[in-house]
Amino acid sequence: MNAPRPRVTRICPHCKATILASAAVCPSCRHHLRFDPAAAAARAQHAISALRVEGTVRQPADTDAWEYSMVLSIRNERGEEIDRKMIGVGAMKPGEQRTFALAVEIYAGDGEDGGGSPPRAH
């Protein structure tokens with residue numbers, strides 16, 4: 001059985017986010033990083049949306065302002081936190097609302113970095 005190969009990352013030259021080196025488009029700022037239509041089509045064909053959560057918070061009109069922070073954490077199968085990021089902070093005035101969305105996309109490897117069929121969503 002082959003051991004999983006670590007993914008190579010790089011820094012997006014536009015927004016400075018850490019992204020997968022295989023990305024043709026930055027998932028953070030959505031800037032195109034290279035022109036490779038064949039690779040983009042193959043990657044899109046093997047992608048699955050493993051998780052998508054969206055929620056809206058509405059500030060009641062008859063209360064004081066609220067502050068919020070959006071924090072994302074990733075845990076492994078043993079419950080150990082392997083990454084944690086502060087995504088954003090802000091405040092809402094009475095009557096305002098914010099919608100928060102989280103999406104997790106899974107990409108199957110290609111012949112260069114492991115190969116295989118796309119994983120199943122659970």
Side-chain angles (χ1 to χ4, degrees):
M1 181 173 173
N2 293 339
R5 293 173 40 170
R7 290 290 182 174
V8 177
T9 60
R10 65 178 169 152
I11 303 297
C12 172
H14 304 284
C15 69
K16 308 302 182 215
T18 300
I19 61 173
L20 291 173
S22 60
V25 176
C26 174
S28 183
C29 68
R30 298 183 181 151
H31 275 93
H32 288 264
L33 305 171
R34 68 175 176 272
F35 181 72
D36 190 352
R43 186 171 172 89
Q45 184 177 25
H46 292 288
I48 62 168
S49 179
L51 175 68
R52 177 154 176 82
V53 179
E54 186 173 300
T56 300
V57 177
R58 178 174 267 300
Q59 166 77 6
D62 60 348
T63 61
D64 293 333
W66 286 351
E67 295 179 329
Y68 64 87
S69 59
M70 184 172 182
V71 178
L72 172 71
S73 67
I74 301 171
R75 296 180 182 273
N76 65 15
E77 64 279 359
R78 294 181 300 280
E80 301 163 338
E81 191 171 80
I82 57 175
D83 202 0
R84 181 181 183 89
K85 299 278 191 244
M86 172 68 72
I87 305 301
V89 297
M92 299 183 332
K93 297 176 188 171
E96 289 186 330
Q97 78 176 32
R98 301 288 185 275
T99 300
F100 302 90
L102 165 71
V104 177
E105 296 176 347
I106 306 294
Y107 302 97
D110 57 22
E112 295 176 11
D113 60 350
S117 59
R120 293 185 340 219
H122 295 280

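Numbers here are sequence positions counted from 1.
- Residues I106 and V25 do not share a hydrophobic cluster, clusters being chains of Ile/Leu/Val/Met/Phe/Trp/Tyr side chains in contact below 4.5 Å.
- Distance check, rounded to the nearest 0.5 Å: NZ of K85 to OG1 of T18 gives 6.5 Å.
- Around atom NE2 of H32, no more than 12 heavy atoms belonging to other residues, nucleotides or ligands sit under 6.0 Å away.
- Here W66 contributes atom CH2 and R58 contributes atom CZ; the two are 10.5 Å apart, rounded to the nearest 0.5 Å.
- Shortest non-hydrogen contact noted between S69 and M86 is CB-SD, 3.9 Å.
- No more than 12 heavy-atom neighbours from other residues, nucleotides or ligands sit within 6.0 angstrom of CZ on R30.
- Residues I74 and L51 are members of separate hydrophobic clusters, defined by side-chain heavy-atom contacts under 4.5 angstrom among Ile, Leu, Val, Met, Phe, Trp and Tyr.
- Hydrophobic clustering, with ILVMFWY side chains joined whenever heavy atoms are under 4.5 angstrom apart, keeps I82 apart from I87.
- Shown here is E67, whose CD atom has no more than 12 heavy atoms of other residues, nucleotides or ligands within 6.0 Å.
- For the residue pair T99 / T56, a side-chain donor-acceptor distance below 3.5 Å is found, with atom types taken as modelled.
- Under the 4.5 Å side-chain heavy-atom criterion for grouping Ile, Leu, Val, Met, Phe, Trp and Tyr, V71 is not connected to L102 through any hydrophobic cluster.
- Within the 4.5 Å cutoff, the side chain of P60 has no heavy atoms near those of the P94 side chain.
- Scanning all heavy atoms of the two residues, the minimum distance from N76 to R78 falls at OD1-N, 2.9 Å.
- Of all the heavy atoms in R52 and A103, the pair that sits closest is NH1-CB, 3.9 Å.
- Listed by chain and number, the residues in a salt bridge (Lys or Arg N to Asp or Glu O under 4.0 Å) with E105 amount to none (sequence neighbours excluded).
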Can you list the steps and then say if C12 with C29 is a side chain to side chain contact (heavy atoms under 4.5 Å, CB included)?
CA-CA 9 Å; C12 172; C29 68; 3.7 Å; yes
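- A distance of 4.5 Å separates OH in Y68 from CZ in R98, rounded to the nearest 0.5 Å.
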Please determine whether side chain to side chain contact (heavy atoms under 4.5 Å, CB included) holds for the pair I19 and L33, giving the CA-CA distance in whole Å, both sets of side-chain angles, and the decisive distance to 0.1 Å.
CA-CA 11 Å; I19 61 173; L33 305 171; 3.3 Å; yes
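- Summarising the geometry, atom CZ belonging to F100 is positioned 11.0 Å from atom CD belonging to E54; distances are rounded to the nearest 0.5 Å.
- In this structure the side chain of V57 reaches within 4.5 angstrom of the side chain of M92, judged on heavy atoms.
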Residues R84, E81; criterion salt bridge (charged side-chain N to carboxylate O under 4.0 Å, His left out); working and verdict:
CA-CA 7 Å; R84 181 181 183 89; E81 191 171 80; 3.3 Å; yes
Derivation of the side chain to side chain contact (heavy atoms under 4.5 Å, CB included) call for S73 and D83:
CA-CA 6 Å; S73 67; D83 202 0; over 6 Å; no
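- Residue Q59 comes nearest to A65 through the heavy atom pair NE2-CA, 3.8 Å, listed as atom of the first residue, atom of the second, then distance.
- Below 30°, between 30° and 60°, or above 60°: for H14 and H31 the angle between ring planes is below 30°, a parallel geometry.
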